[in-house]
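See below for the structure under consideration.
Residue numbering restarts at 1 for every chain, and letters A, B, ... go by the order of the sequence lines.
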Amino acid sequence: MKIATWNVNSLNVRLPHVLDWLATQAPDVLALQETKLTDDKFPVEALAAAGYRALFAGQKTYNGVALLTREAATDPLTDIPDLDDPDRRILIATVGGVRVVNLYVVNGQEVGSEKYAYKLEWLRAVTAHVARELEQHRDLVVVGDFNITPDDRDVHDPDAWRERILCSTPEREALGRLLALGLTDAFRLFEQAPASFSWWDYRQGAFRRNLGLRIDLVLPTTALGGRCTGCTVDTAPRRLERPSDHAPVVAEFDL
DNA sequence: ATGGTGGCGCGGCCA
């Protein structure tokens, strides 16, 4: 079972890239973030023609998440207890016996800002909910754009980013509390090239210079992690014309 | 350095 996550930064703009990528990689599940589409505009037919069903929770201009699956997904959830959030950032569903939690974590803008406080509160509520999901589902994977670098290996210039947004200790501790529920970072189960990233700023040729961060993650339960046979960042779509600023991350499971 | 780029949508916000 191949599970992937990709922040597409507008599914309107990126649909051709997504369709090409689905045809090339043929994942069983592709979790999308930042679709920036209301549900009435979701490209259901184009994806169906490509062999994928879709669940989606969108809004205008900002945010928006989706799950593209070969087989039907069941028991979807877009709103969780203790989080009264108009932002469409969460989509949970069961696919092939695996509970898939797709997150577009709040960016937080700047350490110490209101948005930063909201990011930490949002992560607290999501972590509490994932704990509840784990009581119901043995096989679970949390995927998405976490807007957090797990550690300094995931930062092109750790000193320049020290305690800045996406890299601060409270953010990493919040991610640590999610992992402490019994999840593992699939990417780090395998030997990886140094300076492996999943996001590069559009500005100043950051991708060409590989000035990136690894903020897009696949976090299976430790048991499911034991059946993970590989996890890679596919930088190919980031090289295309008019790319997303994120690259897809793919994990394969022996399921 | 408060910019640099991109998306949305047409000014300013968000990333």
> Listed by chain and number, what are the side chain to side chain donor-acceptor pair (under 3.5 Å) partners of A/T235, not counting sequence neighbours?
Replying inline: A/R239

> Who passes side-chain contact (heavy atoms from CB on, under 4.5 Å) against A/S168, sequence neighbours left out?
Replying inline: A/V111, A/Y116, A/E163, A/P170, A/E171

> Which whole-number value in Å describes the distance from A/I165 CD1 to B/dC14 P?
Replying inline: 14 Å

> How far, in whole Å, is B/dA1 from B/dG12 if one measures between their P atoms?
Replying inline: 26 Å

> Do any pairs count as a side chain to side chain donor-acceptor pair (under 3.5 Å) and have a residue in residues 210-222 of chain A, sequence neighbours left out, and if so which ones?
Replying inline: A/D154-A/R214, A/D185-A/R214, A/S198-A/D216, A/W200-A/N210, A/D216-A/H246

> Considering residues at least two apart in sequence or located in another chain, which fulfil the side chain to side chain donor-acceptor pair (under 3.5 Å) criterion with A/T94?
Replying inline: A/R99

> Who pairs with A/Y62 by side chain to side chain donor-acceptor pair (under 3.5 Å), at least two apart in sequence or on another chain?
Replying inline: none

> Whole Å only: how far is the CG atom of A/L166 from the P atom of B/dA15?
Replying inline: 10 Å

>> Would you measure the distance from the C1' atom in B/dG11 across to the matching atom in B/dG6 and give it in whole Å?
In response: 16 Å

> Once each nucleotide of nucleotides 3-9 of chain B is scored for protein heavy atoms under 4.0 Å, what B/S/- sequence comes out, 5' to 3'?
Replying inline: -BBSSSS

>> Just the rounded figure in Å: distance from P of B/dC14 to OH of A/Y118.
In response: 13 Å

> With sequence neighbours excluded, what pairs up with A/R138 under the side chain to side chain donor-acceptor pair (under 3.5 Å) test?
Replying inline: none

>> Taking atom NZ as the centre, does A/K41 end up with more than 12 heavy-atom neighbours from other residues, nucleotides or ligands that are less than 6.0 angstrom away?
In response: no

> Any side chain to side chain donor-acceptor pair (under 3.5 Å) pairs touching residues 72-84 of chain A, not counting sequence neighbours?
Replying inline: A/D79-A/R88

>> Measuring only the C1' atom in each nucleotide, how far is B/dC14 from B/dG9? A whole number of Å is fine.
In response: 13 Å

> Which ILVMFWY residues are connected to A/L22, directly or by a chain of links, through side-chain heavy atoms under 4.5 Å apart?
Replying inline: A/W6, A/V8, A/L11, A/L15, A/V18, A/L19, A/W21, A/L30, A/L32, A/L37, A/F42, A/V44, A/L47, A/Y52, A/F56, A/L68, A/V250

>> So that I can compare with my own list, what are the stems of DNA chain B, taken as at least three consecutive Watson-Crick or G-U pairs with distances under 3.5 Å?
In response: B:5-8 with B:12-15

> Taking 4.0 angstrom as the limit, do A/R172 and A/D152 come out as a salt bridge?
Replying inline: yes

> Rounding to the closest angstrom, what is the interatomic distance between B/dA15 and B/dT2 at atom C1'?
Replying inline: 15 Å

>> Could you work out, with side-chain contact (heavy atoms from CB on, under 4.5 Å) as the rule, every residue matching A/P194, not counting sequence neighbours?
In response: none

> Could you state the CZ-C1' distance from A/F146 to B/dA15, rounded to the nearest angstrom?
Replying inline: 18 Å

>> Expressed as a whole number of angstroms, how long is the span from A/D216:CG to B/dA15:P?
In response: 15 Å

>> For DNA chain B, which residues of residues 100-114 of chain A approach it to below 4.0 angstrom with any heavy atom?
In response: A/Y104, A/N107

